[in-house]
Amino acid sequence: QVQLVESGGGLVQAGGSLRLSCVASGRTFSYAVVGWFRQAPGKERGFVGAIRWNGDSPNYDDSVKGRFTISTDNAKNTVYLQMNNLKPEDTAVYYCAARLSFTFSTSASGYAYWGQGAQVTVSS
C-alpha cells in the first residue's frame, strides 16, 4: 500500500503563489508516476500535471502550463506542486495521486492511490 499526504493549501490573492507538498509512505517503489488533479465544486476531477518518481518528464495540462511546476525530492519521498500567478479559476481541492507504472495517464481512473486533498482558494 502507498499512503499520500498533501499539505500547503490555503487562501491567496490572484497573482500570488502557493506550493503543495505530497509525502509518500508505505511500500517502497523504484518506479511510479505521481499526478496532481483538482476538483472545483460541481465539476469533475481534472488533470493538472504529472511526473515520474525519479523526476523525469514533468507534463502539464495546457491550463497551467508556464505557471505550475512539478518536482520531486526522493530523499524526502515528496512531490511538489509549485503554483505561480494563481487565478481565481484555479480555486479547487487539489489531490496528488500515484500509479505504479512507467507510463503516464491524464485520467483519474488511472491512479490507484490518492491523498486526502488540499483546498486552494484564489481570491480576485
Side-chain angles (χ1 to χ4, degrees):
Q1 281 285 49
V2 176
Q3 290 82 42
L4 302 173
V5 178
E6 298 117 342
S7 61
L11 172 65
V12 65
Q13 288 188 329
S17 298
L18 281 174
R19 188 177 76 163
L20 302 182
S21 300
C22 174
V23 179
S25 62
R27 65 171 281 183
T28 58
F29 45 85
S30 58
Y31 64 93
V33 166
V34 176
W36 286 95
F37 291 78
R38 63 186 179 184
Q39 189 167 19
K43 294 189 176 181
E44 292 187 355
R45 194 168 298 188
F47 177 76
V48 173
I51 193 168
R52 287 204 172 94
W53 182 249
N54 64 3
D56 284 349
S57 306
N59 56 94
Y60 306 92
D61 184 78
D62 286 346
S63 64
V64 305
K65 202 171 291 183
R67 299 188 297 123
F68 290 12
T69 303
I70 301 174
S71 61
T72 63
D73 185 338
N74 291 160
K76 296 182 178 180
N77 284 344
T78 302
V79 178
Y80 301 101
L81 177 65
Q82 176 68 44
M83 303 181 290
N84 298 329
N85 191 20
L86 282 160
K87 304 175 181 180
E89 52 264 42
D90 294 318
T91 295
V93 177
Y94 283 71
Y95 298 89
C96 66
R99 60 188 260 116
L100 300 183
S101 171
F102 286 112
T103 62
F104 288 90
S105 173
T106 60
S107 172
S109 64
Y111 293 77
Y113 305 100
W114 289 84
Q116 83 284 1
Q119 177 69 48
V120 171
T121 303
V122 184
S123 62
S124 57

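Here the structure is a predicted model, which means the values were calculated and not measured. Below, each value reflects all heavy atoms present in this structure, side chains not excepted, and no hydrogens, waters or symmetry copies.
F47 is linked by a ring-ring contact (aromatic ring centres under 6.0 Å, His included) to F37, counting only residues two or more places apart in sequence or in another chain.
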Side-chain polar contacts of residues 15-23 - donor-acceptor pairs under 3.5 angstrom, sequence neighbours left out - could you list them?
from : atom 1 : to  : atom 2 : distance (Å)
S17  : OG     : N84 : OD1    : 2.9

Please list, one pair per line, the donor and acceptor atoms closer than 3.5 Å that link side chains of residues 70-77 to other protein atoms, with sequence neighbours excluded.
from : atom 1 : to  : atom 2 : distance (Å)
D73  : OD1    : A75 : N      : 3.2
D73  : OD1    : K76 : N      : 3.4
N74  : ND2    : W53 : O      : 2.8

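Within the cation-pi definition used here (under 6.0 Å to the ring centroid, within 45° of the axis), R38 does not qualify as a partner of Y95.
Residues Y113 and Q3 form no side-chain contact, since every pair of their non-hydrogen atoms from C-beta on lies 4.5 Å or further apart. In this structure, L81 and Y94 have side chains that are in contact, with non-hydrogen atoms separated by less than 4.5 Å. A heavy-atom distance below 4.5 Å is not found between the side chains of Y60 and V48. In this structure, F68 and L86 have side chains that are in contact, with non-hydrogen atoms separated by less than 4.5 Å. For the pair W114 and R45, the minimum side-chain heavy-atom distance is below 4.5 Å.
Cluster annotation: V79 and Y111 are assigned to distinct hydrophobic clusters (Ile/Leu/Val/Met/Phe/Trp/Tyr, side-chain heavy-atom contacts under 4.5 Å, transitive). Transitive grouping of hydrophobic side chains (ILVMFWY, heavy atoms separated by less than 4.5 Å) keeps V93 and M83 in distinct clusters. Grouping the Ile, Leu, Val, Met, Phe, Trp and Tyr side chains by contacts below 4.5 angstrom, directly or via other members, places Y80 apart from I51. Put simply, V12 and W36 are part of the same group of oily side chains (I, L, V, M, F, W, Y) that touch within less than 4.5 Å, one to the next.
Here the closest non-hydrogen pair linking L4 and A98 is CD1-N, 3.7 Å. Heavy atoms only, all atoms of each residue included: A50 and V33 are closest at CB-CG1, 4.0 Å. Contact between R52 and S57 at its shortest, heavy atoms only, is NH1-OG, 3.3 Å.
The salt bridge (charged side-chain N to carboxylate O under 4.0 Å, His left out) contacts involving residues 60-70 comprise D62-K65, R67-D90, where partners must be two or more places apart or lie in separate chains. Sorted by first and then second residue, the side chain to side chain donor-acceptor pair (under 3.5 Å) pairs with a member in residues 115-124 read Q119-T121; sequence neighbours excluded.
The hydrophobic side chain of V5 is isolated, with no ILVMFWY side chain under 4.5 Å apart from it.
No donor-acceptor contact under 3.5 angstrom links the side chains of S107 and S105, judged on distance only.
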